[in-house]
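What follows is a single structure, written as structure tokens, with notes after it.
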Amino acid sequence: MRIATWNVNSLRVRLPHVLDWLGTHDADILALQETKVIDADFPEEAFTELGYHVSFSGQKTYNGVALISRSPIHEVITEAHALDDPQRRILGALIDEVYVLNLYVPNGSAVGSDKYDYKLTWLSAITQTVAELTKKHNKIIILGDFNIAPEDDDVHDPKAWEGSVLVSDAERDALQNLLALGFKDCFRLFPQEEKTYSWWDYRGGGFRRNHGLRIDLILASEALAQSCSICAVDKEPRKLERPSDHAPVVAVFE
DNA sequence: ATGGTGGCGCGGCCA
């Protein structure tokens with residue numbers, strides 16, 4: 001099974017990139033974030049025509065998540081139990097006996113801000129939800145835009161970023177609490193080229209200078225992590241005209 | 001240069 005995550009920063013704008021990518025990469029499951037499209041306007045047929053099933057949870061202007069899957073999508077959830085949140089950031093579903101949880105973790109804006117507090121509360125709530133999922137499912141994949149760089153190796157300039165949002169200790173601790181439920185960061189199961197990132201700021205030639213962060217993650221429950229054979233960032237779509245600021249991350253499970 | 005770039009949607013927010 002080939003599964004990928006991609007923050008597309010507007011599906012309306014990036015649909016050609018996404019369709020081209022699906023056509024050449026033969027993914028079984030693609031998790032999208034920041035679709036920025038309400039459900040009534042979701043381009044469902046563009047995917048069903050290619051033989052995919054789709055599920056989506058969108059809103060106007062901001063956020064929005066979707067799952068594109070070769071196999072049928074069951075047991076959909078769009079909420080964390082402990083959170084009454086109008087923001088559409090969560091899409092979980094059972095696909096071929098694997099529970100897939102697609103997340104668009106809040107950015108957090110700045111350490112100490114209201115948005116930062118919301119991010120930590122949100123992470124706590126999703127961790128509770130995952131704890132519940134682990135009682136029912138053995139094979140779980142959590143993937144998406146985590147808006148957290150797990151380690152300094154995931155940061156182009158750790159000194160410059162030290163203590164700021166996306167790398168702060170409290171955010172990293174929250175991610176570790178989630179991993180502690182029995183998940184592996186698939187990317188780190190394998191030797192990787194140094195300075196591999198998944199997001200580069202549009203500003204200041206971030207991609208050209210490889211000023212990036214690895215914040216798009218694929219986490220697999222231990223039962224599944226054993227069968228993971230590849231996890232890699234595909235930088236190619238970031239080189240296209242009018243790209244998303246994120247690149248897709250792909251994992252293969254045998 | 002008190003920013004920079006991009007999306008949404010038409011002024012300012014969010015990333």
Task: Nearest-angstrom distance, P atom, B:dG9 to B:dT5 - done: 22 Å
Open item on the list: Do A:D216 and A:W6 pair up side chain to side chain, a donor and an acceptor below 3.5 Å, judged on atom types alone?
Closed with: no
Task: Distance, P atom - from B:dC14 to B:dT2, rounded to whole angstrom - done: 22 Å
Open item on the list: Taking only the C1' atom of each, what is the distance from B:dA15 to B:dG3 in whole angstrom?
Closed with: 16 Å
Open item on the list: On a heavy-atom basis, which atom in A:A174 and which in A:T127 lie closest, and how many Å separate them?
Closed with: O-OG1, 4.5 Å
Open item on the list: Classify the ring geometry of A:W161 against A:W199: parallel below 30°, tilted from 30° to 60°, perpendicular beyond 60°.
Closed with: perpendicular
Open item on the list: Under the side-chain hydrogen bond (donor to acceptor under 3.5 Å, both in side chains) definition, can you give me all pairs with a residue in residues 164-177 of chain A, not counting sequence neighbours?
Closed with: A:Y116-A:S168, A:K119-A:E171, A:D152-A:R172, A:S168-A:E171
Task: Heavy-atom protein contacts under 4.0 Å, nucleotides 6-15 of chain B, coded B base, S sugar-phosphate only, - none - done: SSSS---BSB
- [ ] Grab the two heavy atoms, one from A:Y104 and one from A:V65, that are nearest each other, plus how far apart they are.
- [x] CB-CG1, 3.9 Å
